[in-house]
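As structure tokens, the structure follows; a few thoughts come after it.
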Amino acid sequence: MTEAADAEISPREAEVLGLVGDHLSNAEIAARLCISIRTVESHVSSLLRKLEVPDRRALARRAPVRGGAAPDRPAAVLPAPLTSFIGRARERSELAALLKEHRQVTAVGPGGVGKTRLALAVAADAAGAYPDGVWFADLVPVTDPGMIAAAVAGALGLGEQPGRDLAESVAAALADRDALVVLDNCEHVLDGVAPFLERLLATCPRLTVLATSRARLMVPFERVYPVPPLSLDAGGDSDAVALFMERAAAVGRPLDAALRGQIAAVCARLDGMALAIELAAARCPTLGLDGITAALSHPLRMLTGGSRADERHRSVRAALDWSHALLDPADRALLRRVSVFAAPFTVAAAAEVAGVEDGLAADGLARLAEQSLLVVAAAPDGTEYRALETIRQYAAERLAEAGEPDEVRSRHLRWCLARAAGLEVARPDWRARFDQVADDLRAALAWAAEQPERRADAFGLARRLAELAFTRNLTGESQRRFEQAAALAAGPAESAAMLRQAAAVAGCRASGDDMYRLRLAAASAARDAGDLAGAAVDLATAATMAFRYWATFVRVPSRDEALALITDAQKAATGDRTTQAGGDPGALAAVALAEAAVVADAFGAVQGPADNVAVPETIARAERAVELAARTGDPLAESAALDALTCAHIWAGDTFAAAARSRRRVTLLSSLPPSPAVTHELIDALGMVTEATLGAGDMPDACRWARQLDGHPSLAEVGHRAPLMVDALAGNVEEVLAGSVRLLDAWRRAGSPARAHLGPAVAAVAMVHGLRDDHDAQRGWREILDRLDVSAERAHGYAAVFDGMLLLHRGQARDALERMAPEASEVWKWVSWIWHHWYVALRTEAVVLAGDPGARRHVTEARAAVAGNPVAEALVARAAAVLDGDRDALRATADAFDAAGCPYQSARTLLLAGGEHAGRGTAALSALGLAPKAVSLW
């Protein structure tokens, strides 16, 4: 980092930089600093420019560390141990050497041998060898093998990407990284870890994984390293003795060196097991070495539980049995009862679940912590406790022996239900509060789902967890929990309701196949419940989805398949007039929308005809769908029908009608309480209204909708293409640069997929860099565009508009005309959406500036084509003024552009006007962050 860059970075930017270095997402940084996500994006964009780095990953490497130095590599993201690491020089060296030679190493050993501490020490030592970072994921809280990817994604700071599950997001994020990931405590989820790691290592050729487990993982590339007990061969100077003395000193006073021989004997009795030694050392201040020796010499205590444990576990179990035997009955009960917690817990939580008073719980937890049976940590809400995994498992065994599991887990379930119900998403700290209890909610649900008598509670918790996970943007988990709730429901009607929710979440994830599958499953459940109207809606909606969201499918349903669904829906909706479904308004509206989507191809799906020539029929069917949906009083149904009508107006070339219908959709949806279905529909509606109003030249409204879309919580990390297009065409350069950072980061984290729908946004960013004369950045974004889209839509539609605008800015009118050579009518299909008026107006300007002999005819035709669009009208008026040599009329268009909310075109007009206006135009372009070009016509 240069001194100049240091001087330019503001205090707030320095805070953001530090948090980027901590690998926090934009949403997490915003929450931490109490600022908006857009403000964070602006700071990140500014930092990228000031520090002259290409992306967020490189920016994280420039974050300051303690002492103020800027590291060349990202800091290792590892938990900070509360105690010092003792000895194991040989093991550290051996394990580090294996990591250099093998892509996946598993440190294997019994509980308590010290696998985690050794892995952390080796990972910290090796951090410098991994340019893209070292990451740690603790799998102890994971009770569902399907949540392994979520745990690793959380460690990496990844959110979910639409159209991708978290396993894909993790693989994509690590695909090109030379990094080390530490997976701790894998033994209880081996069935999930193995396939996850196999997939991860196969797709991430530069990734190294260090796992800890009590059993090998049985995956390709694995090299097993058995972790031995602490060394005993050096007598009083062994690692085992050093650990005992250090831990005893930490809880009392330093031991006399003359006692090393006696300590060595104790450590030998404990077979050098690190956890057993630490537990014994914790007793030293109260028992002394003689007392410890006597206790360990007692054969009953030493071998308690020996029949349940193999040889390598006996010393740890013996130490635990011994520590447990020294507790008073109340503390034993408390220890075994808090074993049900999957995450750190407070005194109040322990008291409620253990069934004791708060004061007794506080005293008992303190005593357990003093004996090293619990770990204490400070938390924002007060002191928290947790048990090391080996101790927690031991205590869980004791809970079973005491015959208390059902009673205690029932209290834990009630505690979780209350915590879940009390999470108010309106509170600013709700996200952190959810994260604190999420693992316990999952653990309680896993237990309750297996208890037939707890089915109702399990259903309620699954549904609530699904809702909370959705709000937390854990959409993959939300979908799974809604599906789990459907399986736990008391009857098919409730099951159908949960499946519809799951389908809506799948829609938010841009997973068309899941959305389709779940709606069909909902239809089946509705039939079982005798709800033929509901089944009809589900069948028709599935058919509509196949065409409306075809781009989100892997296997796109055929037109014949969709038509068959419509037929089934019609039968259910109107077949038997004696049933509740006869003439049901919701069912009839859903069928009408499906007919507009599939039969008339209102959405222009890939399964439809190459061109929609039956535009009148399409509009008629869409209008009928809107009419029937309005009768239902369901805003979601009406919004979906209006979307079909919006697209029908696009086919008809009625830009302003399309904008009006899209505005109506947002009005319908904006006041609805949030839910997966509302979110899915609202995001689509906001995207459509942003683009539709942009196409109509209503820049103030387009910017307003773009800001609303950009600020939606579900898009906090991935963004949306529409705001970039609006800001690029308006000339809001800072907004484009800030938004492009998020777009690029999200695209790369998603695995750099070839998604053509991102093409317009990428072309917009490339154009802005071209306007700034940043040729390297422009070239980089154009390379991305080449990977995304090579279609005719790019060639003749959006890319022609952005390329033409840049060429005109540079004074290359002849090149601009060549780039937009076809008349709009010749490429109607590709400019029929938001691009039509822009294409016509910019092409007219190119014709005039290039001196084309048919310029006057073009101006006349363009005036009629863009009438009512303030920006396009001003562009054509400016071209006419140039053609007529009317400087006053030319200058007047600058005011028109200002009024229309298009500062870039206003500044360019002043530059074209020349004379005293050119200076103002140059200053205005510079203020926008653009490079002025000497293109004055006078």
Side-chain angles (χ1 to χ4, degrees), residues 492-493 496-497 499-504 506-507 512-550 552-553 556-577 579-603 605 607-608 617-618 620-648 665 676-677 680-681 684:
L499 289 167
R500 289 169 192 137
Q501 291 276 60
D513 301 82
D514 278 356
M515 185 167 42
Y516 187 72
R517 168 183 63 82
L518 290 164
R519 268 295 183 166
L520 293 181
S524 178
R527 283 186 188 276
D528 291 343
D531 180 11
L532 295 185
V537 172
D538 291 323
L539 292 167
T541 300
T544 299
M545 287 172 170
F547 273 60
R548 187 182 180 193
Y549 301 114
W550 65 267
T552 67
F553 281 77
V556 181
S558 69
R559 186 171 187 271
D560 288 343
E561 185 177 336
L563 288 171
L565 290 177
I566 294 175
T567 299
D568 289 345
Q570 288 170 330
K571 290 177 181 178
T574 61
D576 183 357
R577 294 290 176 175
T579 69
Q580 61 169 315
D584 179 84
L588 295 176
V591 169
L593 176 57
E595 291 172 338
V598 179
V599 177
D601 191 29
F603 298 104
Q607 311 99 302
E617 179 191 351
T618 302
R621 285 188 179 274
E623 287 178 337
R624 174 64 175 163
V626 171
E627 177 187 349
L628 291 175
R631 294 178 188 174
T632 69
D634 180 0
L636 293 175
E638 189 173 353
S639 172
L642 283 167
D643 190 26
L645 185 56
T646 299
C647 293
R665 288 183 66 196
H680 185 211
E681 191 69 27
D684 183 78

*With sequence neighbours excluded, residues passing salt bridge (Lys or Arg N to Asp or Glu O under 4.0 Å) with R624*: E627

*Compare every heavy atom of A496 with every heavy atom of A526, then report the nearest pair and how far apart it is.*
N-CB, 4.0 Å

*Taking all heavy atoms of A543 and all of A594, pick out the closest pair and write down the distance.*
CB-CB, 4.3 Å

*asked:* Taking L520's backbone N and O only, do any of them form a donor-acceptor pair with S524's side chain (distance below 3.5 Å, no angle check)?
replied: no

*Are any of the side-chain heavy atoms of T541 and L593 separated by less than 4.5 Å?*
no

_For E561, give me all partners under side chain to side chain donor-acceptor pair (under 3.5 Å), at least two apart in sequence or on another chain._
Y516, R555

_Summary of salt bridge (Lys or Arg N to Asp or Glu O under 4.0 Å) pairs that have at least one residue in residues 586-596, sequence neighbours excluded_ = E595-R621

*Please name all residues satisfying side-chain contact (heavy atoms from CB on, under 4.5 Å) with A605, sequence neighbours left out, ordered by chain then number.*
F547, W550, D601, Q607

*Please report the shortest heavy-atom distance between A572 and L532, naming the atom on each side.*
CB-O, 3.7 Å

*What heavy-atom pair brings A602 and C647 nearest, and what distance separates the two atoms?*
O-CB, 3.1 Å

_To the nearest 0.5 Å, what is the distance between NZ on K571 and OG1 on T567?_
6.5 Å

*asked:* Could you tell me if the side chain of L539 sits less than 4.5 Å from the side chain of R527, heavy atoms only?
replied: yes

*What do the steps show when you test R519 against V537 for side chain to side chain contact (heavy atoms under 4.5 Å, CB included), and what is the final call?*
CA-CA 9 Å; R519 268 295 183 166; V537 172; 4.3 Å; yes

*To the nearest 0.5 Å, tell me how far L628 CG sits from E623 CD.*
12.0 Å

*Only counting residues at least two apart or in another chain, list the ones meeting side chain to side chain donor-acceptor pair (under 3.5 Å) with R665.*
S639, D643, E681, D684

*Whether T632 side chain and P585 backbone form a donor-acceptor pair below 3.5 Å*: no

*Could I get the full list of side-chain contact (heavy atoms from CB on, under 4.5 Å) partners for A629, not counting sequence neighbours?*
A589, A637, E638, A641

_I need the minimum non-hydrogen distance between V599 and L563, along with the two atoms involved._
CG2-CD2, 3.9 Å

*asked:* How close do A590 and T544 get, counting heavy atoms only, and between which atoms?
replied: O-OG1, 4.4 Å

